[in-house]
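The block underneath contains the structure these notes are about, expressed in structure tokens.
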Protein chains: 2
Amino acid sequence: MSAQRTTLADVAASAGVSVSTASLAFSGSGPIADATRSRVLAAARALGYAGPNPLGRQLRRGRSGIVGVIMGDALRRAFRDPVAVQVLDGLTGTLGPLGLGVLLIPGPDDPSQPAVDPLLESAAMDVAVQMWGGTTDDPVLEMLRRRGTPTVLVEGTPQPDVAAVGIDDHGGMIELTQHVLGLGHTRIATVTMPFDRDRSEGAADPVRLAGISWEITRRRLAGVTDAGVTPTVVWETPASLVENGAAAGRALLSRPDRPTAIVCQSDLLASGVVLAARELGLRVPQDVSVAGFDGLDLPWLAPDVLTSVAQPLAEKGAAIGEAVAELLAGRTPEPRVLPVQLRIGTTTGPVPPGA
Amino acid sequence: MSAQRTTLADVAASAGVSVSTASLAFSGSGPIADATRSRVLAAARALGYAGPNPLGRQLRRGRSGIVGVIMGDALRRAFRDPVAVQVLDGLTGTLGPLGLGVLLIPGPDDPSQPAVDPLLESAAMDVAVQMWGGTTDDPVLEMLRRRGTPTVLVEGTPQPDVAAVGIDDHGGMIELTQHVLGLGHTRIATVTMPFDRDRSEGAADPVRLAGISWEITRRRLAGVTDAGVTPTVVWETPASLVENGAAAGRALLSRPDRPTAIVCQSDLLASGVVLAARELGLRVPQDVSVAGFDGLDLPWLAPDVLTSVAQPLAEKGAAIGEAVAELLAGRTPEPRVLPVQLRIGTTTGPVPPGA
DNA sequence: CTGAAAGCGCTAACAC
DNA sequence: GTGTTAGCGCTTTCAG
């Protein structure tokens, strides 16, 4: 088409005004005569000019209008997690009206990959959102700090210069565990989310338990132990998805010292455990109680309804969006901890008589 | 912290070299003495400079490194569709290594919203990907053309200056319908994806049928009719999700002239129909056959396996990524139509004797 | 191998 | 109301 993209200068020349005036015609801010504006816009239309080049505008303003969202996982896994998706939805809902766009940044996939996605070093973004916690000494947070990118940390341990949004998962987990204890269970196993980027799978030994670097995993596990339970097994999964829960369930429920209750760190994991139990011919909750965390709506588990701890997902997304807006305004948002709520379903019941 | 962000010029001054030399130290391209480079990098580290400001670089290069992905739906819905998610995953997989990031752009939500998301007018992007077809006279494509943004259209009708990636859904639908016909069915209903931004729900009358603006919906419906079937009912849904399929199923299967087979335009819709059938006490496929489209893995439908037309989702994502790369290289990628494959499951069977 | 200079396209003071 | 001017931070010729 054109050898040279048409610029605001071309439009201004064509309309017989200065560039700054032409700029005003588009930005709307600042005083400009209606007649002048429409003359500029007409010239623009005639030249096929679709509005100011965002790149020039961004450099000048020092703002890209982009919020980098670091998913807690490779995108393929992240998108399979309704928790991530619903939070993301709540977030985009508040960001959109602010004229901010979401740039997806994959989280760690496997240890063979670099620890931080290259986009994190090179992409333009005004604010970053680190979804899903973060690890101790997180290389992502370190990178962000080096770049001077204001950051919202979701489900992480509060840090000096980082905004925080989270839920009371520790408290929720205590409550959930107490519910299970109240039903008389003593042989209680727990299925956790990944410990670290290594993503091992299986029963965790004490050494491994001492080195959980995923903060959210550690905090939820602490909820179980702080409720006074020493799990018969702490089963680590490589990802918080149904199939990982199913694998955990198969393993735990085939043991000679089969637990009478399994407390899981997510609903997806828990529903996998329920499926595994059914598969093994065990009745839930008569033979084994299963509890999850998140409060998802899982219609395909019907007729069962998972006992779980509900977290306000859309509100969490909105809270993140508000924190982003605060940071952009140069303010420091207060850390927010959203409440959770124990929701008793049909998958937990009294300890079996014989056990 | 600093009143002024440190720039490449600061680093250069501190290292005692010119800005252009400092630039070379970071970009790597171009000749530079090792000693000089390390001196620059040391100075950068000392000043807490994390690398060139992307905004400056982008303006200079005329490239943002951003690919805008226009989801076919409001994000909240889009992310609930495994088809969209898996394609997106395949896409990011090929884009990542190219140093390109994905900016999420919501598609139309409901008619009360503006037809094109504001991001589309204002965000910087080198290429746009319009997922999930497009409508006739799509305002999105028009906007993109006006802005001069090279575009990849997924599942849309090929256009002069737009790259296209799609699947042979028309052919797949014909094959699927023929399979159903071969089983002896004559009372065949079909459940479609939305017709347009209005997102009506219910049996479509001839007037409405004549005005389907969602191209993908029209093409798949044409597959059914081109196989020689006149559906007893064409049921339009407001979104391609399980609950919409369930609603359709309840309605269609409660009619006096209950169809013996229901061909759906997506697996999500089809699985909703299967659930509705079970709910109504109908056996699939003994009482009613149900077929879908996409070839998703739907374990929770077990023990049923949906009869469907499988499309290569990850490959589709990769093909889109390749088209993006071509456009960025200034070339015009050939339109690509990926093959689909009929996959017969357990949800279709012979027409019931009495019917 | 290194430096000087030009300019990507735009906006925001500031002067008129 | 409108024009002039000065950069935003960087990369890339082009000389040296």
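Just so it is clear: chains get the letters A, B, ... in the order the sequence lines come, proteins before strands, and each one is counted from 1. What you see below is based on every heavy atom in this structure, not just the backbone, and it leaves out hydrogens, waters and symmetry mates.
Put simply, the side chain of B:R336 never gets that close to the backbone of B:A319: no donor and acceptor are under 3.5 Å apart. For the pair A:S122 (side chain) and A:L120 (backbone), a donor-acceptor distance under 3.5 Å is absent.
For A:D73, the salt bridge (charged side-chain N to carboxylate O under 4.0 Å, His left out) partners are A:R77, A:R199, not counting sequence neighbours. Checked against salt bridge (charged side-chain N to carboxylate O under 4.0 Å, His left out), B:R80 has the following partners two or more places apart in sequence or in another chain: B:E243. In terms of the side chain to side chain donor-acceptor pair (under 3.5 Å) criterion, residue partners of B:S64 (sequence neighbours excluded) are, by chain and number, B:D126. Judged as a side chain to side chain donor-acceptor pair (under 3.5 Å), and not counting sequence neighbours, A:Q86 has no contacts. The salt bridge (charged side-chain N to carboxylate O under 4.0 Å, His left out) search around A:D198 returns none, not counting sequence neighbours. The side chain to side chain donor-acceptor pair (under 3.5 Å) search around A:Q130 returns A:D138, not counting sequence neighbours.
Distances shown here put a side-chain N or O of B:S23 below 4.0 Å from the OP1 or OP2 atom of D:dT11.
The bend of the helix from C:dC1-D:dG16 to C:dC16-D:dG1, defined by the angle between the axes of its first five and last five pairs, stands at 30° to the nearest 10°.
Near DNA chain C, meaning a heavy atom under 4.0 Å away, there are no residues from residues 118-126 of chain B. Proximity of residues 45-61 of chain B to DNA chain C (heavy atom under 4.0 angstrom from any strand atom) is restricted to B:L59, B:R60.
Every pair passing ring-ring contact (aromatic ring centres under 6.0 Å, His included) that includes a residue from residues 34-68 of chain A is listed here, sequence neighbours excluded: A:F26-A:Y49.
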Would you tabulate the side-chain donor-acceptor contacts of residues 36-45 of chain B under 3.5 Å, counting partners in other chains and residues two or more places apart, or write 'none'?
{"unit_1": "B:S38", "atom_1": "OG", "unit_2": "B:D34", "atom_2": "O", "d": "2.9"}
{"unit_1": "B:S38", "atom_1": "OG", "unit_2": "B:A35", "atom_2": "O", "d": "3.0"}
{"unit_1": "B:R39", "atom_1": "NH1", "unit_2": "B:A15", "atom_2": "O", "d": "2.6"}

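The CG atom of A:D10 sits 13 Å away from the C1' atom of C:dC8 (whole-angstrom rounding). Rounded to an integer number of Å, the gap from A:L8 CG to C:dA12 P is 12 Å.
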Got a list of protein N/O to nucleotides 1-3 of chain D N/O distances below 3.5 Å?
{"unit_1": "D:dT2", "atom_1": "OP1", "unit_2": "A:T36", "atom_2": "OG1", "d": "2.5"}
{"unit_1": "D:dT2", "atom_1": "OP2", "unit_2": "A:A33", "atom_2": "N", "d": "2.9"}
{"unit_1": "D:dT2", "atom_1": "OP2", "unit_2": "A:T36", "atom_2": "OG1", "d": "3.0"}
{"unit_1": "D:dG3", "atom_1": "OP2", "unit_2": "A:S18", "atom_2": "N", "d": "2.9"}
{"unit_1": "D:dG3", "atom_1": "OP2", "unit_2": "A:S18", "atom_2": "OG", "d": "3.4"}
{"unit_1": "D:dG3", "atom_1": "OP2", "unit_2": "A:T21", "atom_2": "OG1", "d": "2.9"}
{"unit_1": "D:dG3", "atom_1": "N7", "unit_2": "A:S20", "atom_2": "OG", "d": "3.2"}

